[in-house]
Amino acid sequence: MSHAHSSAVPRDEQLLRQLGYQPQLVRRMGPFGNFAVSFSVISVLSGCMTLYGFGLVTGGPAVMMWGWVGVGAMVMLVGAALAEVTSAYPTSGALYFMADRLGGRGWGWYTGWLNLLGLLGGIAGIDYGAATFTGALLNMQFGFTPTPRSLMVIYTVILLVHAMLNLAGVRLVSVLNSISVWWHIGGVVVIVGALVLVPSHHQSVGFVFGHWSNGTGWSSPLYVVMIGLLLAQYTFSGYDASAHLSEETTGAAVSAPRGIVRSIWTSWIAGFVLLFGLTFAIKDYAGTVGTSTGVPPAQIFLDALGTGGAKALLLVVIVAQLFCGNAETAAASRMVFAFSRDGALPGSSWWRRTSPRTGTPVSAVWLSVVVAFLLALPALWSVTAYNAVVAINVLGITPAYALPIFLRLRAGRRFTPGPWNLGRWSRPIGVAAVAWVALVTVLFCLPQSSPITSDTFNYAPIALACALVLATVWRWIAGRSYAPPAVGSARMAELAEEVV
């Protein structure tokens, strides 16, 4: 144990007590592990791969490539503004604790519910995506035909594996996330390398950055471009994981904000390279969109490398998705733990228990996995219903990122920055971040294909409305038991100086 590490932990625990909490979780994660959890949750090999088919029809390569560049730049601003608030309040509750401190109980309550549902929907989206890719691989290897039932079985197995890994303790989660970083970066290099070097036929660079394709049924190019931006925006979510694991990270007031920002810019570069490599290797555009594998990137692998190569690359992607789901399970369970600690969930006293041996919130891990299982059940009957459930992931979590930033802007000089801050850039970056989130929240609610039928309807806003209604009803029934600790802001300012 280095001297720096041993002196950081008491300071971390001191800051946590000053924020009003007794330390319960174990600090076994270093700065790299903290960055790794957000990088693993963003997971370009999960987001870009799962949504690549969506990108092919919503504007095609032109929108995918330029959209990635532009959206990445805006997400950098959101991440930086969120990192600044995280530095002042490094707790497992993260977004809702910041909102509570800066705006009061009501703000904290709704931010918490949006964030929680977003994280739980995230586990469902990531792990069900991994199940679909696993189905495609089994199809190539054994001629297995994926049905909704068999995919649900694969999905359940994946959830159980993630529960077990998380129950083993945060040290293992941290090690797995660190491996995951190198797996993702190595995976992007291997996939793009193979797609660039092996096939004799490639698209032109002009095609990669300029080809337009619209299969949405909408005639307005501007509308299609706006919807096409969602591929990137869907992928760039989950970087709040660094904040949720801050009570298990050493030097959290600096490590967690750095983890957020670093995870975004590394994903920005890796995702750009990945999308370029995939698009560069497309052989037959229509055949890729309508592939019988159900997974357009799998068709690109098949056309470029044959069956053996395609299987190998699919395996690289599936392992990355499993790392991603595991990291998301860790983040969601910490949010369940923190929200229960403040009395916000039904049965809170049960969900806030931690294992005396590993320091892991065991009940919270199980609750996260069981809810994710229930959220994906509609996939047995309808893909549309499943998409609506997964939409709650991004539609819940994206506004939840902006709420603490908005409240920090509103608080003005009442906000005492932590050691990691934006200085005089804080206000302009914060305003840009809130404006961007407001725009994409509207985009998430728009219908994505025309004509609008029960199958093409965008259920995301309905899912969001249901979530808010549930949160309101529960607040009315049991909101009195919700009580994050309150600390005077003047005292906080003194303490922040002491801790730094």
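- Checked against a 6.0 Å centroid threshold, the rings of F444 and Y234 count as neighbours.
- Going from atom CD1 of I397 over to atom CG of L114 covers 9.5 Å, rounded to the nearest 0.5 Å.
- Between W182 and F32, the ring-plane angle classifies as parallel under the 30° and 60° cut-offs.
- With N34 as the fixed residue, the side-chain hydrogen bond (donor to acceptor under 3.5 Å, both in side chains) test singles out one of S242, S263, S246, S174: S242.
- For the pair R258 and F35, the cation-pi test (distance below 6.0 Å, angle within 45°) is failed.
- Relative orientation of the W109 and F339 rings is tilted, given thresholds of 30° and 60° on the angle between their planes.
- Taking the ring centroids of H184 and F323, they lie at or beyond the 6.0 Å cut-off.
- Shown here are the side-chain contact (heavy atoms from CB on, under 4.5 Å) partners of N458, two or more places apart in sequence or in another chain: Q448, A460, P461.
- A ring-ring contact (aromatic ring centres under 6.0 Å, His included) with W68 is found for exactly one of Y52, F236, F276, F272, namely F236.
- Contacts of S267 classified as side-chain hydrogen bond (donor to acceptor under 3.5 Å, both in side chains), with partners at least two apart in sequence or in another chain: none.
- Annotation: Y110 is not in aromatic contact with Y96 [ring centroid separation under 6.0 Å not met].
- The aromatic rings of Y155 and Y128 sit perpendicular, their planes meeting at an angle over 60°, well past the 30° parallel limit.
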